[in-house]
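Residue numbers start from 1 in every chain, and the chains themselves are labelled A, B, ... in the order their sequence lines are given, proteins ahead of strands. The basis for the numbers below is simple: all heavy atoms, side chains too, and nothing from hydrogens, waters or symmetry mates.
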Amino acid sequence: MALHQLHRSIRAPSLAALAALESALSSFRISPQRAIPSGRRNASHQAQGRANGPKDGAGKRLGAKKTDGMYVVPGNILYKQRGTGRDHTIHAGVPGYVKYYTDPALHKKRKYIGVVFERGNTLPQPPNAVRRRKLGMLAYQMPLTTVQRETGDLANADLSASSDDAAIPPPVLQEQPQEARKTKTIRTRRDGELVETKLTLRPGYQWRQTNWEIARTALQSKAATSAKTYKPGDRFAAWRKRSARVAKNAERRSIGRASKGKKKSQKQAA
Amino acid sequence: MASKRPITQCLRCTGHDRIHILPIRNLMTTTSEPPPPPPPTDRSSSEDAPKQQSSTLNPFLVHTPRTERKLLATQSQYPIGSRRRRAALATSSNIPFTQLPYQCFQEARKILLEDRREKIAEIEKMRERIEKAQKEGTRQGEGEGEREHRVRSMRGRVEDLKVLADINDPLVKKRFEDGLGDMNKPIYRDLANKSWRNYKRKVLLQRITQMNVIPDILPFIDPSVSTSLVFGRKKVPHGEIVESTLSERAPSMELQCFDKGERLVTIAVVNPDVPNVEKDGFAYRCHFLASNVRISPTETGVDAATLNDESQVIIPWMAPYVQKGLQYQRHAIFILEQPQYSSSTEPPTPLDLVEIKKQARYTNRDGFKLRSFADRYRLKPVGVDLFRALWDEGTVGVMERLGVSGGDVEFKRKRVEPLPYKRLKGERFR
């Protein structure tokens, strides 16, 4: 465009043409017409160091781990992916077959992963239909609890039953509930009396009484039961106690002063 | 009592006690209503009067610590209401709310009254038009269906206008908030409906959708009847877990509908989570089924224990129980409106219970399908409530009393065989 204007200007020079010529030639000028701007431009991007380098790290092996139709069991990883700040890996919650599907009712573009119980089943399920669910549980006869066992023993307390030990099958550890497996009772003879102490398995494989049992023993001890109960507002008791304390302190102070004085004198003497 | 003395609010702010002394500008109103009567100069209500102190103290009015103590000592009564309220009551006059001597207030009332008159006139006009439409029959080029639609929309407009006429009345609002609203009147029904939809219905919908009651028992519901559930004396919020001993006795319910007229409903309590080990799935169990229960905006209480065994109850109440180890079981209570075969003015036709009771699939608890029942008798779900049950210490006793075996059964997870390459070394070759 500048050349075109230049060509025209030869024939009919005008102010506009001269200005155009000036602007066209300005790019060929060596010495700048204007002074260099005094302001300095700082870098907006880190140019050195680690900033621009490491873009070729090792792959993180994300993506699908199971394809459509594969049989999975609970815990199997179906798809590895990263979320914001955490891992959004998808895993199976039920045994079944993997299905990749879209659900326009939930989202237009997103793809979903699901597990169906039967090979022929499809996803998503119809919105108003009964959900397909599996129980995934089995019924077991509950073992007798310790309370029931004890009461059972009491019921046939006559010694004929307990003496015939061979008739009673030994308790199988597996049949006992978890709670019973973690407790054991030791019998000790104290003052000719049989004392039962229940020990519980505490963390760190230590068998000891539970804290509340220790506390109960302390609360039921002779010292605890013989202590007078505190009555708020009992001024007479408070006065007696205070006067006893004052008297005791006075006595102690007098003794202490005497002993201190002695010591001092001994030191000086030494 | 506070309603009679709203002026106290104002007095409290200004903090002066001159209402009896200063002349009130009670004639400064441009309304056509008669000017309010002068405030009663009855100062005997004030506790400052020596006469009062000598005789009896009013527990509504005492407001100094000394008189409060005296009230307790002499009359062994506690003061009623806050001290601030009592003080306000004791030191203000008893002017009716509508006659409060404030010019702006009276002007505003005037506008509201004018609006109400307009609405009532419009109602009258609409009624005339409805009557005319019914008398004259179809217009030219109008079908019978179109005429019916026209009449229906006019009736709807009348109902709207009835609400709009009273919606701005502060006294109506107060009466509703005090729980004194008459549910026979459209305005109170409308206010109650709005307050229900504002919060409780949203919570209910969230519970029944998040806990999948809706696709599991019935395909769809748009609740229009508010429900609340009471076991014994305990109110159970929607979806709460209820103790097995508490739910042993049949609950009572509050079913509040918000549109006028009586209707018959069917109440069904269905548990969709009954374990079926053979099928490795779940089955339905009906814990309660009763039909022909009459409800209206004013008749709301339904006690499942006292319904008529012959004309209403199809399946009597059975206590919910959940065996140990199982997940919680949802017990959904559905309120289904029975079809009104006759016109809305006549009482609705009840369902034929003799016929229903002959059918094994609707009288057996196990495998009861509410979808099928609702389809068969053209029932429309209008209300829903939900509570959950879980194994607890009382469950064994509940099952014993019910005569159901299996109280000593515990459910445990079934082992899922791991994939072959995940198996332990020896396991593969066994």
Is it the side chain or the backbone of A:Ala139 that comes within 4.5 Å of chain B heavy atoms, both, or neither? both
May I ask you to check whether over 12 heavy atoms, not counting those of A:Gln125, lie within 6.0 Å of atom CD? yes
Restricting to non-hydrogen atoms, name the atom on A:Pro127 and the atom on B:Pro215 that form the minimum distance, rounded to 0.1 Å. O-CB, 3.8 Å
Kindly check if the number of other-residue, nucleotide or ligand heavy atoms within 6.0 Å of NZ (A:Lys99) is above 12? yes
Is the NZ atom of B:Lys380 crowded by more than 12 outside heavy atoms at less than 6.0 Å? no
Show, in sequence, the C-alpha distance, side-chain angles and deciding distance for A:Met137 and B:Leu326, and conclude whether the side-chain contact (heavy atoms from CB on, under 4.5 Å) test is met. CA-CA 8 Å; A:Met137 293 184 122; B:Leu326 288 171; 3.9 Å; yes
Assess whether atom CZ of B:Arg249 is packed by more than 12 heavy atoms of other residues, nucleotides or ligands within 6.0 Å. no
To the nearest 0.5 Å, how far apart are CE in A:Met142 and CD in B:Gln323? 8.0 Å
Is A:Lys134 atom NZ crowded by more than 12 heavy atoms from other residues, nucleotides or ligands, each under 6.0 Å away? yes
For side-chain contact (heavy atoms from CB on, under 4.5 Å), just list the numbers for A:Arg131 and B:Asp216, CA-CA rounded to whole Å, side-chain angles, deciding distance to a tenth of an Å, and then say yes or no. CA-CA 6 Å; A:Arg131 292 177 306 153; B:Asp216 279 355; 2.8 Å; yes
Please set out all donor-acceptor pairs under 3.5 angstrom arising from side-chain atoms of residues 392-406 of chain B, sequence neighbours excluded.
unit_1: B:Asp392; atom_1: OD1; unit_2: B:Ser244; atom_2: OG; d: 2.6
unit_1: B:Asp392; atom_1: OD1; unit_2: B:Gly394; atom_2: N; d: 3.1
unit_1: B:Asp392; atom_1: OD1; unit_2: B:Thr395; atom_2: N; d: 3.3
unit_1: B:Asp392; atom_1: OD1; unit_2: B:Thr395; atom_2: OG1; d: 3.1
unit_1: B:Asp392; atom_1: OD2; unit_2: B:Ser244; atom_2: N; d: 3.1
unit_1: B:Thr395; atom_1: OG1; unit_2: B:Asp392; atom_2: N; d: 2.9
unit_1: B:Thr395; atom_1: OG1; unit_2: B:Asp392; atom_2: O; d: 3.1
unit_1: B:Arg401; atom_1: NE; unit_2: B:Glu248; atom_2: OE2; d: 2.6
unit_1: B:Arg401; atom_1: NH2; unit_2: B:Glu248; atom_2: OE1; d: 3.3

Atom NZ of residue position A:Lys241 - does it have more than 12 heavy atoms of other residues, nucleotides or ligands inside 6.0 Å? no
Turns out that what part of A:Tyr71 lies under 4.5 Å from chain B's heavy atoms comes down to both
Do B:Asp273 and A:Arg133 pass the side-chain contact (heavy atoms from CB on, under 4.5 Å) test, and can you show the C-alpha distance, the side-chain angles, and the key distance before you say yes or no? CA-CA 10 Å; B:Asp273 297 326; A:Arg133 293 183 292 156; 2.9 Å; yes
Distance col, row B:Glu410:CD vs A:Tyr140:OH, nearest 0.5 angstrom, shows 10.0 Å
Check whether any side-chain heavy atom of B:Phe282 lies under 4.5 Å from a side-chain heavy atom of A:Leu135, and answer yes or no. yes
How about A:Gln141 and B:Asp408: do any of their side-chain heavy atoms sit closer than 4.5 Å? yes
Pick one of side chain, backbone, both or neither for B:Lys324, based on which atoms fall under 4.5 Å of a heavy atom in chain A. side chain
B:Phe220 versus chain A, the contacting section by heavy-atom distance below 4.5 Å: neither
Shortest non-hydrogen contact between A:Pro95 and B:Val416, atoms and distance: CB-CG1, 3.9 Å
Would you mind telling me which of B:Asn212, B:Val409, B:Asn276, B:Asp280 has the largest number of heavy-atom pairs within less than 4.5 Å of chain A? B:Asp280
